[in-house]
Amino acid sequence: MSIFVDETTRVLVQGITGKEGSFWTKHMIEMGTQVIAGVTPGKEGETVEGVPVYHSVARAQRASGEHAADAAMLFVPPRFTKDAVYEALDASIQKIVTIADGIPLHEQIEIRAAARSQGAQVVGGNTSGVISPGKSMLGIFPYWIQRVYKPGRIGIMTRSGSLTNEVTAMIVEQGFGVSTLIGVGGDPVPGTRFAEFLAQFEEDADTDGVVIVGELGGTMEEEVAEAITEGRFTKPLVAFIGGRTAPKGKRMGHAGAIVTGSAGTVLAKAEALTKAGALVADRPSQVGTMLRTRIPETR
Amino acid sequence: MSIFVDETTRVLVQGITGKEGSFWTKHMIEMGTQVIAGVTPGKEGETVEGVPVYHSVARAQRASGEHAADAAMLFVPPRFTKDAVYEALDASIQKIVTIADGIPLHEQIEIRAAARSQGAQVVGGNTSGVISPGKSMLGIFPYWIQRVYKPGRIGIMTRSGSLTNEVTAMIVEQGFGVSTLIGVGGDPVPGTRFAEFLAQFEEDADTDGVVIVGELGGTMEEEVAEAITEGRFTKPLVAFIGGRTAPKGKRMGHAGAIVTGSAGTVLAKAEALTKAGALVADRPSQVGTMLRTRIPETR
Amino acid sequence: MKRLEFQGKELFSSAGIPVPASRLVRVSEPDGTPTDGGTQALHARLLDAVAELTQEAKGPLASLVVKAQLDMGGRGKAGLIQLVRADNGTGQDLASAVVAAAGQILDKGYRIPALLIEEAVDLREELYLSISVDPCAACHVVLASREGGVDIETLAAERPDAIRRLDVDPFRGIQAYQTRGLAYDLGLDKTTARNFASLLTKLYALFTRVDAELVEINPVFVTSGEPELVAGDAKVIIDDNSLYRHTEFPIEREQYDSDAAFEAALEGIPYLQFDGTISLMCAGAGLTTTVFDLVNYEGGSVANYLEFGGPNYNKAQRAMELCLQNKSAVILIVTFGTIARADVMAEGVVNAIRTLKPDRPIVTCIRGTNEEGADRILREAGLEPMYNTEEAVRLAVKLAAGTEARV
Amino acid sequence: MKRLEFQGKELFSSAGIPVPASRLVRVSEPDGTPTDGGTQALHARLLDAVAELTQEAKGPLASLVVKAQLDMGGRGKAGLIQLVRADNGTGQDLASAVVAAAGQILDKGYRIPALLIEEAVDLREELYLSISVDPCAACHVVLASREGGVDIETLAAERPDAIRRLDVDPFRGIQAYQTRGLAYDLGLDKTTARNFASLLTKLYALFTRVDAELVEINPVFVTSGEPELVAGDAKVIIDDNSLYRHTEFPIEREQYDSDAAFEAALEGIPYLQFDGTISLMCAGAGLTTTVFDLVNYEGGSVANYLEFGGPNYNKAQRAMELCLQNKSAVILIVTFGTIARADVMAEGVVNAIRTLKPDRPIVTCIRGTNEEGADRILREAGLEPMYNTEEAVRLAVKLAAGTEARV
C-alpha cells in the first residue's frame, strides 16, 4: 500500500499540452501512474503520450464515465492555479496536486478554504508533488535517481524540494525506502498540512515510520507534535527542521519560512516534537541513523 | 407539540430597542415566548420588558452561558438584515426569523446560501414570522384575534400576510385550530421553502394536516407536490394559491409572484398538487371545508 | 426596475460589452413631456442620427435598424423594430427610409418615448445569454444557447437540451473555468469561445454591480468574418429593493405605462394599470391578488391593482387619489392587517372620502388589529363595513355592473 | 514587499483612513541617488515642510515628530523617531528643532532615504490593529488590542488576553457585525466603537485590494476630545506573488539594504545580505537554509544567502556576480535538483567562472537530474566536484578560515 496515490489512482492532468505538462506526463506514466485524461482549453481531440485531451475537466470526466479521474495533477501557471483547482473541485475530484510556485497569497487561502469546504485535499503549491515510488507519481520527482527514490516503508512529508532529496538520500543510505513522499510545499498557506496526512500514514499497513522535513516559520511541525501527544499518530517519527540559525524577522527561503517573535522558531518546534516523543535531527545526515534506532530491522 | 418554536425555545431579539422590536417583544412574551436576551449595538446594560440588552449576539450568548438562545428574532431594517443573519449564524443560532420587507435580492441569495451551508433555517424576510399559538411566537401576528389564532392541530405555511389571516379564519370557522403557522415570506428567495418544513410537520404528532397558502410564481408549491408524490409527506394537505387570473409577465403582489412563460402559473401548481393527491381550493372560503373532508373529526 | 433597451446598452458599454453603433432619437423626454419641436424636429433629429452613424462608419451604410424603446416583449412581431435599407426598391436613400420607418412605428399607437437607430450587424449566428438567480439553489444562474433570437421560454419548453445552464456560487462569483467551460460546451470554436467567456465575465460583473434580477442578451450576434460577439438587444432588470444604493437609476415617467403607475411608484405603492371597472385598494400582496382573482371569478373586471398595506397603510388618501384617476365605477377596499392597524386604515379612508369626495361607491372590508375601532369609525362616517371578503367582492361587482345602487 | 511608513500612510489615505498631517523630506531618491543640493538644501526642505505644516494647521504648532523612513523595527528605541517641541528649553523655535533632530537621526549611521515630518497628535489612548492570514484556518485574521504602541509579539507572549482575535471568511469578507462586535469586545465607548468599526472596514478593504500579507497600525491614536482614530504608524507588506498585478508597487532601491539585494530582487533571485565570509549560491529554499545552518554549525559565517534554483537555475552568472560583490572568501554551491538540471547548472557555473574569473575559491556540491553530466563538465573545467553536503560545507569553512588552500 501507500497513501494518497497508488497504481489504481486515476489521474487527470490539467495543462497537459504545455511544455512541463507533456514532459512530466511522460515521466508519470513511466512511473506507473494511470493518467487517464488531460485538459487544455481549445485542444480537445489531441493526445499527449496517448492520453486524450479535453477542453475542460467536466468534459473529461463526462467522457470517462464511471472511470472518471479521482485525482488531478496541475501543470498550470501560478496565477491560473486557483481557477484550475476550483475546476477540479467542481468536478468532484478530491485529490489535487499543484506544483505552481508563485500562487498569490490570497488565492492560496481561497484554495485551501474551498478544498476544506468539500473535504478535498490539495497538495501544494510550490512543491514537487506526491510520489509512491514504484507505483504512482503526481509531480516532478527525479525518481530515476536510485539513491533517493527507492520503494520502501517510510513515509516522508516535506516543505522543501532539494532538501528532501538530500534528506531522503540519507534515509535510503540506511537501507530504508519510501512508501509515499508528500511535498506539502513551501508556500505560507499549503493546501494540506503535515498533520492532515498523519491519519493516512497511521492507517497504512505498509508505512513503518514517518520522516518530516520541516523548516522555520508557521506551526505545521507543532501540529504534528500535537497529533503525537494526542495519540492520533503512534508510529516512529523523525524530524529534520531547517533554519535553526536563521536570523529573526528575515524571510529566508520559502515565503512560509519566517520567524516573528518566538513563534515558529526551529527551537520551539524541536522542543515540541521532542516532548511529544519524536526524534529531531540537527543535520540531514542524522535522519537515517535516528530512524534506524526506532526501526531496527531493514525495511 | 408544534414545530420550529414552542414554549421551550430560547429566543434572542436583534434590534430589541427599536420601536417595532420593543413593541413586538412585549407581545411575544405575552404569547408565552421565552425571550432571554436582546441585542442593540451601543445599548448593552439596558433592558426591554425585563429582557437584558447586549451589544452583540456573541456577547449575549456568552452571557447566557449554557442557557444561550437557540432562535433569533430580527427586528432589523432590510438593508442590515444580511449582517444580522450572519451575526446570528456565527453565534451558532440555527433558527432565525426576519420580518424585514425589502431585503436586496442578492442579499436574499446570500442569506439562504449561508444558512444552508451550516444547516440552519432562516424564515423570511417579508413575512409575519412563525407562531405556535398558545406556546410561542417569533414574529408580528395579531394573535389576539381569536377567530384566526386559535390553538389546534393544523399546520399552516404561507407566502402572504393578510391573505393568511383570511384563509386561517376560514379554517378556524370549521372548528380547526393551528399547531404552527410559518410565514415563509413573499420574497423571491425566501430563506426556507415550504417543502423544507414538511418533514417537521410530518413528524409532529400534534399536527393532523397542513394548509399551504401559495401564490403564482416560483416553484415552492411544485416542490410540495413532489414531496407528497415521493412519500416524504403523507398527512392531508390543502392548498390555496392566489393569482390564478393574474396577467402573464406583470409583477403582481410579492416580488416572487411573477409568471414568465408557463412556469409558475397557478394552473400548473394546482395540477401538480392535485396529481400528488392534495386538495386545491379556488377560493379562501373552500379551504376549511376541504380540510374537513379529509379530517372529519373536529381537532 | 426594468431598463429600456438603450439604457441596458449604455450599461453594457460601461461594462465593456460590445454593442452596435447607435443613436437615440427622443420622442418624449424621460419625464414624459414631448420633446421640443414636433414632427419636423423629430425628422431632423432622425436625419442627424443617420448622418452621424454614416460618418462614424467611415463608409456608406447599407442598412440600419429602427427600434422603438418601450417596455414590451415581442416588439419585432408588433412591427416596432424595422430593418431599413438604402436600396429597398423605392429608390429612397437610407435617411428617408429611416424617417419613413420611424413614422410607421410611431403610428402604431404605443406610447414610445424614444427610437434607437442602430447599425445593422453582419452576422453568422445568434446566441442567447442571461444571468438571473435560482431561489432554491441560492445561486446565480447563467443560461446560454446557440439558438438565440427566439423566445427563451418557448425554447425551454420545446427543446430544453438546446439550453445550457451554469450555477455560480454567490460568494465566489463566476470563475474563468466556468465561462470557458460553458463556451466549449456550447460547441463554439476557439476564438468565439474566448470572446464568449470574456463577454460572460463582463456581463456577470455588471449583474452583481447593478444588483440586477436579470441581465439578458437575446440575441448575442456572432459577427461574420473574425467572430466577434455583439449585444443585439439588452434586457436589464434592477432589483427594486436595491435601488436605494443605485441613485444612477431614478424612477422616470418613461418607464411606466400610465401616469398613475408612475405616481404610485414614486410613493412606493405597488400599482398596476388595467382597464376594468373596479379599483382595488387592498392591503397585502397575497390578499390583493386573491381579491383580483375573486373579482374575475365573479364576472367583474379590475381597473387597477393597488396595495396600500405594509409601510403604506397610512397613505389612504394618496391611494384613493390614484384610484380616482381611473374611470372605475367602484372602489373596493379589503384588508386584514397586523401592523397595518384596521382603525388607522379606516380613519385614513374616511378622511380621504371627506377630502376627495369620490364620485363612485366605496365598498370596505377592513379587518385585523383593532377592527372594532375601524368598525366604529366607518359607521360614524356613514359607511356600512363588511367582514366577508367574497361578499364584499360580489357587492362591488354588482355595483360596477350597475345592478345595485349603493353609496 | 514591505512598504515604508510614508508609503503605507499614502495607502491608508487612499483608503480613507485618517493619518496625521505630514510632509516627506527626501534624503535620497527612490533609486538610491542622493537628493540634489546636499545638507543645505536638505535643511531648506525641512524648513519648508515645517512652514507648510504650520500653515495647514491654521495656528501655531506646539510639536512635531521627525521619523526616519527605513525598513527596521524598533525605530523609537534606536533614536530614529524624535518628538520635537518649540519650547523645549533651549529657546529654539520648532523649525530649528526639527533641523537639529533630523541631523541627529541622519548621523546615526543608518541608510535613511527620507524623513517624515509629522504633526504630533494629542491623544488619550493607543490601540493596536492588524490584519493578516491564518494558514491553518484558511481565513483572514484581525488582531486588536487596547494596548497599542508596544511590540505585539511581546504582548502576545506575556498577556495574550490583552489581544482579541477575529476570523474573517475570505469569500464573504468582513461583515459589519464583526467590526462592531470587535469594537465593543475591546470595551470601547459608543463613539470610539463606531470609528473603530469604520477604520477596520477600510483597513480590510485595503488589505484585500493591495493583496497584502499584513496591514498593521501600531499604534492607532485615539485623539483627545471627541475621539477620532488616527493611524500613528503604517506597516504594509504586499504579497510578492501578487506584485504582477500591482504595478503601483515597483521594486525600488530604497526598499533594500544593499545594492546586491536590490539587484537580486530585480532578477527575482532570493537574496539576503550578511557580513560573513562564505557566499552561498545554492538551489532550493530548504536546502539553502540548511546549508546556512551547517555553515554556522561548523563555525563559519555567511556573507550572503542566495538561491539560484527553480526558475533561476540558468542564472549562474548573474548569481555569481552578486556573490562577488561581497567581500566573501569562498563561494559555496550546493544543489540537488529536479527540473533544475545538474548539468545545466554546472555548465552555468563553469561559464560564469570563465567570464568572471572569480578571485576566490569555489566549492561545488551539485546533484540531481543528470548529475553524471554535471560531474563531467565540472571536472573538465578543472573543478573537483563534491557529493556530500556536510563535507562541502566543512571544506568551505576551512577555506574561508584560511586553514586550507585550494582553488
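None of these values were measured; they are calculated from a predicted model. All values below were derived from every heavy atom in this structure, side-chain atoms included, with hydrogens, water molecules and symmetry-related copies excluded. Lettering follows sequence order; numbering is per chain, from 1.
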How would you list, by chain and number, every residue that makes a salt bridge (Lys or Arg N to Asp or Glu O under 4.0 Å) with C:Arg3, sequence neighbours excluded?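 For C:Arg3, no residue satisfies salt bridge (Lys or Arg N to Asp or Glu O under 4.0 Å) once neighbours in sequence are set aside.
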
Keeping to residues at least two apart or across chains, list the salt bridge (Lys or Arg N to Asp or Glu O under 4.0 Å) pairs with something in residues 6-22 of chain C.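 Residue pairs with at least one partner in residues 6-22 of chain C: C:Glu5-C:Lys9, C:Lys9-C:Glu118.
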
For residues 218-225 of chain C, which side-chain N or O atoms pair as donor and acceptor with protein atoms under 3.5 Å away, sequence neighbours left out?
residue  : atom : partner  : partner atom : Å
C:Asn218 : OD1  : C:Gly149 : N            : 2.5
C:Asn218 : ND2  : C:Val150 : O            : 3.0
C:Thr223 : OG1  : C:Glu226 : O            : 3.2
C:Thr223 : OG1  : C:Glu228 : N            : 2.9
C:Thr223 : OG1  : C:Glu228 : O            : 3.4
C:Ser224 : OG   : C:Asp122 : O            : 3.4

Measure distances from A:Ala84 to the heavy atoms of chain C and classify the residue's part below 4.5 Å as side chain, backbone, both or neither. neither

Taking everything shown except C:Gln55 itself, do over 12 heavy atoms lie less than 6.0 Å from its CD? no

Tell me, yes or no, whether the heavy-atom count around C:Lys235 atom NZ, taken from other residues, nucleotides or ligands under 6.0 Å, exceeds 12. no

Less than 4.5 Å to any heavy atom of chain A: does that hold for the side chain of C:Ala176, its backbone, both, or neither?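 Interface part for C:Ala176: both.
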
Distance-only donor-acceptor pairs under 3.5 Å across chain C and chain A:
residue  : atom : partner : partner atom : Å
C:Ala176 : N    : A:Asp83 : OD1          : 3.0
C:Tyr177 : N    : A:Asp83 : OD1          : 2.8
C:Tyr177 : N    : A:Asp83 : OD2          : 3.1
C:Tyr177 : OH   : A:Asp90 : OD2          : 2.7
C:Arg180 : NH1  : A:Asp83 : OD2          : 3.4
C:Arg180 : NH2  : A:Asp83 : OD2          : 3.4
C:Arg180 : NH2  : A:Glu87 : OE1          : 3.2
C:Tyr184 : O    : A:Arg59 : NH1          : 3.4
C:Tyr184 : OH   : A:Gly42 : N            : 3.2
C:Asp185 : OD1  : A:Arg59 : NH1          : 2.6
C:Asp185 : OD1  : A:Arg62 : NH2          : 3.0
C:Asp185 : OD2  : A:Arg62 : NH2          : 3.3

